[in-house]
Protein chains: 2
Amino acid sequence: MVAAQQAKRRAGRPPSAVLGPAHITKAALKLIEQDGYKGLTMSALARRLGVAPSALYNHVASKADVLLLVEDHLMAGVDVSGFGAEPWDEAVRRWAWSYRNVFARHTPLINVIAVLPVTNAPQTVTMYEAVTAGFLDAGWPQERIIDAIVALESFIFGSAFDVTAPEDIFDTGTLAADNPLFSAAVRSRSIRNSASPGSGSAAGSSSSSSSSSSSSDSAFRLGLEALISGLRASLDPVEAKPAV
Amino acid sequence: MVAAQQAKRRAGRPPSAVLGPAHITKAALKLIEQDGYKGLTMSALARRLGVAPSALYNHVASKADVLLLVEDHLMAGVDVSGFGAEPWDEAVRRWAWSYRNVFARHTPLINVIAVLPVTNAPQTVTMYEAVTAGFLDAGWPQERIIDAIVALESFIFGSAFDVTAPEDIFDTGTLAADNPLFSAAVRSRSIRNSASPGSGSAAGSSSSSSSSSSSSDSAFRLGLEALISGLRASLDPVEAKPAV
DNA sequence: ACCTGAACACCGTTCAAGT
DNA sequence: ACCTGAACACCGTTCAAGT
């Protein structure tokens, strides 16, 4: 809506700056929402902003820069409100579910996040700061917190991909005869999922998709609960060991 | 080396088929090894095989098809030898480490794997069959096995991305002042990593990078051990519960 | 059936020229 | 400083023509 119909601009510096990081981020998000990441091209982005494609390069160095802008914006939507307010495991649950849900629709960003330094992503660092505070409160030793966060994040990113997978991804087709055990396991899983449509019981998905427990949700729940209990157990050692 | 210098071929069907899935896979792997995934283009692939780019489309429907070919080939390199021969947790460890190590250098494939059906990936299904057998042997109920595999796989894929990240990815730069807790945790982690170069103690990385415990290795170890112990604990319930 | 060669509809990015 | 417009060096894919 910004520059829908606008008097054609001549070359040369405009009286006031037309573009900015906030405008670019907003326009990119709109494009992604409409057509997915295949719709996010520098041309389409420029068109939506009412400028020539080359004008974008006065504000970003590359398309990867645009993706970083979007990523950092999304990080502000990850729910860290549990840290400092709830028990550690409950706060981690809330954080992990919202983190996965945000990036499930933005999996093309994961390549970028996992590789780019956080130096130019202030919202991202703010998110990490809140998580770190929560871990310190729960008694985690400083030097192990980053490993724990990275481990949880790796699980979350991988699980975000899983959300986008089709339900029949494990259909073995003609390979079923040669692989009976796996095929049977796949079958019994899908039966279970279709049988219990709304099994909202113990491990909840706080502030996330309330009902419709899909396959990816049940796998995420199983892994997250295992990670949480396993990480907690690694905190209080049963016997004194030489430091690792 | 296949068609390095070859007499120029005229149009029309050649006397014997020049291409095939095996040739294409091999050539693609060579290109990836040399120049990474940015070097894997249909043009480069065709050049290496001594044909015109359009000739490839007689054997694959798209570039995604080529990636599936490569993925399935790599799956044969994942070590499932522990299942049926070792205790469950040891077999999972061996499998998980080799799985991560294989795909750490092939992260662009993860988008494909996570979304494409396994119907046309026989090696992949064979891998899953071996893993399923190992879980059944360990007493896992059939209908929960796929969730457990998916959870482990999600962690593995996410961790594969982490391997490719630069060591200084968490450097907060000018943001350090506003985020002291996170910055301190990052600092103490890197000190620990540089201090203990070869801390090969308890949780081993069977058949993987023997020494040089990098940051990504320590995070992977922490998460994997937590997942294994957490999943094991979820197997034998302390008290009887209504089925979930 | 399986190849060549030309063409199509795109990409991201650069750069001189303009104000 | 910040825009336009043209150009560059690519992509993946299609298709008629050939044997």
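Lettering of chains follows the sequences in order, A, B, ..., and the numbering in each one begins at 1. The shown structure was predicted, so the numbers you read here are calculated from the model rather than taken from an experiment.
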(message) For a quick test of reading the model, state the closest non-hydrogen atom pair linking A/T164 to A/A104 and the distance between them.
(response) CG2-O, 3.2 Å

[X] side-chain proximity, nearest of [options]:
X     : options               : result
A/S54 : C/dC15, C/dC11, C/dT4 : C/dC15
B/N58 : D/dC2, C/dT13, C/dC3  : C/dC3
A/A55 : C/dT13, D/dT4, D/dT13 : D/dT4
A/T41 : D/dT13, C/dG12, D/dT4 : C/dG12
B/R9  : D/dC3, C/dC3, C/dC11  : C/dC3

(request) Quick one: look up who D/dC3 pairs with, Watson-Crick or G-U, both distances under 3.5 Å, and put none if it's unpaired. (result) none

For the pair made of [atom1] in [X] and [atom2] in [N], what is the distance, rounded to whole Å?
X     : N      : atom1 : atom2 : answer
B/M42 : C/dC10 : CE    : P     : 19 Å
A/D65 : C/dG12 : CG    : C1'   : 13 Å
B/L56 : C/dA1  : CG    : P     : 19 Å
B/L40 : D/dC11 : CG    : P     : 11 Å

(request) Could you pick out which residue, A/P53 or B/P53, lies toward the 5' side of DNA chain C when each is mapped onto its nearest nucleotide? (result) B/P53

(request) State whether A/H59 places a side-chain N or O below 4.0 Å from either non-bridging phosphate oxygen (OP1 or OP2) of D/dC3. (result) yes

